[in-house]
Number of protein chains: 2
Amino acid sequence: MGRRSDHTRPQLSELILREGQAHLAQVGFAAFSAREVAKRVGYSIGTLYNVFGSYDGLMLAINGRTLTDWHDALAAALQAAPLDDPQARLHAAIRAYFDFATANRHVWTALYDFRLPPDAPMPADYAAKLAGLTGLVVAEVAAALPPARRDAAPALARSLLACVHGHCFFALNGTFALLGEDDPLGAALARVAEAIAAAQGPAA
Amino acid sequence: MGRRSDHTRPQLSELILREGQAHLAQVGFAAFSAREVAKRVGYSIGTLYNVFGSYDGLMLAINGRTLTDWHDALAAALQAAPLDDPQARLHAAIRAYFDFATANRHVWTALYDFRLPPDAPMPADYAAKLAGLTGLVVAEVAAALPPARRDAAPALARSLLACVHGHCFFALNGTFALLGEDDPLGAALARVAEAIAAAQGPAA
DNA sequence: GTATCAATTGAACGATGTCTAATAAATCAA
DNA sequence: TTGATTTATTAGACATCGTTCAATTGATAC
């Protein structure tokens, strides 16, 4: 065949990305296959390689799209949160974090299941998306700190991100269920509240 | 061939487990292959299936062994910690947590990269090992709490475990490096210290 | 209308997990 | 000791995977 006019290159890329993410959402990372994505979009496997270069390239692009979706979900939740209550905004962000991961378990999990080969450098645009996502949290953490301690926000935000990630990860992979924990989100919120409270008062 | 007397069944199981874990440590979960393990032990792939039933069975057994190794490392670190300083013991445990993960990145990462099919139940002995590992931490958290709050230890321990896991995970997968964090262990210790401190005083 | 070019294809390759019939070795019977 | 039975082990077949590439097809330019 060779349908050069069915889709432009950007259209084709978008189509593959959409179907790829949908396939990932359905079967999960372990069962994900580039060939299956090719079937879904009705192009041959070779065309997938023309557009994304490799399996890793495709997975990276799908994960990049997931990062964008996640960022948008967080931003939307923050837009709906009260401007004058930093604590409430932070909690809203964490709730949105959990909500996105829960509602999109497979694509969210794939963000961490997939790793490119040890030598391969992370594409700049992917790193930028990750930084952007982090930036949202840094801003909210900074707003929750007294002005004199705002410079500690980036480090604290990174740490709280890791803490929340751990809770979310254990919630989704069944560790918490196994250990009898039935309110992972509540636990994460409690830890974050303690850390923010600790950063209000003491050290110079 | 058919070397029925080269190894007894337990010996063969131990041999496969040892070489399997070594292979996993060398190539990582993504490149791990049961066939390669068969080559390493000098038996055919079929024999591997006789002993462990499936790829999943083999991975589960290897991860079980890793859990045991990890538990032993934590227990050893706790044995070397001062008996009368709960805070120091907790910090020693967290340090041991990081040390094990760092020194055994591939096998530690495989604990979370591998997941059995959604319907398959977790084997009881695997769940027991996980619970045992958690139990170590629960005991130390309990010791760090005032007697009146000891009943909160299990829930707090689960949460702190998740928090530490998140920091360790981000440290090993490069997220922290990307975000400019150069002391993941320090951050984890700080969060745990804050949580323990918060549990000393306030609520009834 | 023909030649050039680029996109698309599908067959081929090696490797993987999984299964099964054939084979070898060990055990037991006579 | 010999023969029959059981059991461990093997090698091959199968479907699928990521990857590559020569051939083909459609569009474009002359």
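Lettering follows sequence order; numbering is per chain, from 1. Computed over heavy atoms, backbone and side chain alike; hydrogens, waters and symmetry mates excluded.
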Nearest-Å distance, [atom1] ([X]) to [atom2] ([N])?
X	N	atom1	atom2	value
A/Tyr49	C/dA12	OH	P	19 Å
B/Glu36	C/dT18	CD	C1'	18 Å
A/Leu48	D/dT20	CG	C1'	14 Å
A/Arg35	C/dG14	CZ	P	15 Å
A/Phe32	D/dT16	CZ	P	17 Å
B/Phe52	C/dG17	CZ	C1'	16 Å
B/Tyr43	D/dA11	OH	C1'	16 Å

Listed by chain and number, what are the side chain to side chain contact (heavy atoms under 4.5 Å, CB included) partners of [X], not counting sequence neighbours?
X	value
B/Glu194	A/Ala195, A/Ala198, B/Arg191
B/Leu179	A/Thr134, A/Arg158, B/Thr175
A/Asp69	A/Gln21, A/Arg65, A/Phe100

Query raised in the report: If you pin A/Ala34 and A/Asn50 to their nearest nucleotides in DNA chain D, which one's is more 5'?
Result: A/Ala34
**Report entry** Upstream residue (5' side of DNA chain D) when A/Lys39 and B/Leu12 are each assigned their closest nucleotide
**Finding:** B/Leu12
**Report entry** Pairing residues for B/Phe169 by the ring-ring contact (aromatic ring centres under 6.0 Å, His included) criterion, not counting sequence neighbours
**Finding:** A/Tyr112, A/His165, A/Phe169, B/His165
Query raised in the report: Which of parallel (below 30°), tilted (30 to 60°) and perpendicular (above 60°) describes A/Phe29 and A/Tyr55?
Result: tilted
Requested in this report: Look at the side-chain N and O atoms of A/Ser44 and state whether any lies under 4.0 Å from the OP1 or OP2 oxygen of C/dT8.
Outcome: no
Requested in this report: Considering just the side-chain nitrogens and oxygens of B/Ser33, establish if one lies under 4.0 Å of OP1 or OP2 belonging to C/dA15.
Outcome: no
Requested in this report: Please list, chain by chain and in numerical order, all residues satisfying salt bridge (Lys or Arg N to Asp or Glu O under 4.0 Å) with A/Arg150, sequence neighbours excluded.
Outcome: none
Report task. Tell me which residues in residues 53-65 of chain B put a heavy atom below 4.0 Å from DNA chain C, sorted by number, or none. Result -> B/Ser54, B/Tyr55
Report summary line: Between A/Val51 and A/Ile45, the residue closer to the 5' end of DNA chain C by nearest nucleotide is A/Val51
Query raised in the report: Does atom CZ of B/Arg105 have more than 12 heavy-atom neighbours, drawn from other residues, nucleotides or ligands, at distances under 6.0 Å?
Result: no
